[in-house]
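Presented below is the structure to which this report refers.
Since we're looking at a predicted model, the values are computed, not measured. Position 1 is the first residue of the sequence, and the numbers go up from there.
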Amino acid sequence: MSERTQAAVPPASAEMAARLTANHAGRLTSAQRRLALIAGLGALVVFLCPLAMLAQMGALLLWGDAPVSTLAGVLFTIVGALFVVLFAGLVGVNALTFLPEAFMRQPVRCARGPLQVRVTEGHRPELPFSYIVGDYSFAPYVAPGDVPLRVGAPYVVYYAARSRLLLSLAALDAPDGAQWEPAEEAGEPGET
């Protein structure tokens with residue numbers, strides 16, 4: 001790579017370098033860990049509402065003060081139970097994804113390769129395209145603003161192991177790019 005090409009690519013910003021340092025070592029930064037905890041615990045707190053509704057329904061049925069069963073009441077109860085099960089599944093997936101990630105031994109994975117852009121098929125204004133580096137893809141609204149993204153240029157991406165959230169990103173052809181390279185053939189950050 002020529003010096004002119006390397007000089008055109010800026011090194012990682014101070015904030016990104018701090019995230020890259022932790023992620024390269026296979027760890028989450030305190031802010032990234034806090035985000036995983038907030039998302040996981042927040043999901044559990046949100047689940048308290050339908051859980052309270054189920055407890056009230058159960059108490060009503062157990063103490064015999066339930067109103068006379070009607071077809072409308074039975075249908076309402078079935079629809080309510082299905083809603084609670086669906087809601088529990090959605091919230092449970094978030095809790096089971098984010099909480100273990102905050103405490104896992106190796107919460108960071110990485111991908112390395114040239115940046116590619118994949119245009120979404122059909123009309124999808126919420127996600128017109130996605131970026132791809134190696135086997136990891138992320139949406140354009142997730143991309144950090146302080147890293148210029150150039151199609152075909154080599155990048156390394158560190159992402160959360162379970163939730164696959166983008167943690168940090170570095171251009172490998174930047175002046176400081178070599179220090180963010182993952183261990184050879186290991187696929188895991190921090191293994192040297």
Side-chain angles (χ1 to χ4, degrees), residues 9-55 83-113 115 126-149 153-172 174-183 186-192:
V9 181
S13 67
E15 182 182 329
M16 183 61 74
R19 285 189 278 167
L20 283 163
T21 300
N23 299 153
H24 183 262
R27 299 183 319 270
L28 298 173
T29 66
S30 59
Q32 291 165 344
R33 186 174 309 282
R34 189 171 35 253
L35 176 66
L37 283 171
I38 289 170
L41 292 174
L44 289 178
V45 168
V46 168
F47 185 59
L48 290 177
C49 180
L51 192 61
M53 188 173 84
L54 273 180
F83 169 75
V84 169
V85 168
L86 177 68
F87 193 75
L90 292 172
V91 171
V93 166
N94 277 341
L96 291 174
T97 297
F98 288 103
L99 278 179
E101 196 163 73
F103 303 107
M104 329 179 31
R105 189 170 175 76
Q106 285 290 335
V108 178
R109 299 281 184 262
C110 68
R112 179 176 68 185
L115 178 73
E126 76 280 2
L127 185 64
F129 66 93
S130 59
Y131 293 116
I132 301 171
V133 174
D135 64 349
Y136 179 73
S137 66
F138 57 99
Y141 57 82
V142 176
D146 59 348
V147 179
L149 297 177
Y155 286 88
V156 63
V157 177
Y158 291 96
Y159 59 95
R162 291 177 63 93
S163 65
R164 296 187 57 88
L165 289 176
L166 177 68
L167 301 173
S168 55
L169 171 71
L172 293 176
D176 62 344
Q179 75 186 53
W180 311 125
E181 284 264 7
E188 300 291 325
E191 293 180 11
T192 54

Q) Please, which pairs that meet salt bridge (charged side-chain N to carboxylate O under 4.0 Å, His left out) have at least one residue in residues 30-45, sequence neighbours excluded? A)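 Every pair satisfying salt bridge (charged side-chain N to carboxylate O under 4.0 Å, His left out) with a residue in residues 30-45: there are none.
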Any idea which heavy atoms bring [X] and [Y] closest together, and the distance?
X      : Y      : value
Val9   : Pro175 : O-CD, 3.1 Å
Leu28  : Asn23  : CA-ND2, 4.1 Å
Arg162 : Glu101 : N-OE2, 2.8 Å
Pro182 : Cys110 : CB-SG, 3.5 Å
Tyr159 : Leu166 : CB-CA, 4.4 Å
Asp176 : Ala12  : OD2-N, 3.0 Å

Q. Can you list the residues that meet the ring pair (Phe, Tyr, Trp, His ring centres under 6.0 Å) rule with Phe47, with sequence neighbours excluded?
A.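 Expected list: none.
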(Q) So Val133 and Pro154, do their side chains get closer than 4.5 Å, heavy atoms only? (A)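 Not in contact.
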**Q.** 4.5 Å side-chain heavy-atom contact, Tyr155 and Val147
**A.**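 SC-SC contact between Tyr155 and Val147 confirmed.
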Q. Is there a donor-acceptor pair under 3.5 Å between the side chain of Tyr158 and the backbone N or O of Arg19?
A.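 No; judged by distance alone, with no hydrogens or angles, the pair does not exist.
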Q) Hey, is the main chain of Arg164 close enough, under 3.5 Å, to the side chain of Tyr136 for a donor-acceptor pair? A)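 It does hold such a pair.
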Q: Keeping to residues at least two apart or across chains, list the ring-ring contact (aromatic ring centres under 6.0 Å, His included) pairs with something in residues 83-102.
A: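 Applying ring-ring contact (aromatic ring centres under 6.0 Å, His included) to every pair that reaches into residues 83-102, excluding sequence neighbours, yields Phe83-Phe87.
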Q. Would Ile132 and Leu115 count as a side chain to side chain contact (heavy atoms under 4.5 Å, CB included) if you check the C-alpha gap in whole Å, the side-chain angles of each, and the deciding distance to 0.1 Å?
A. CA-CA 6 Å; Ile132 301 171; Leu115 178 73; over 6 Å; no
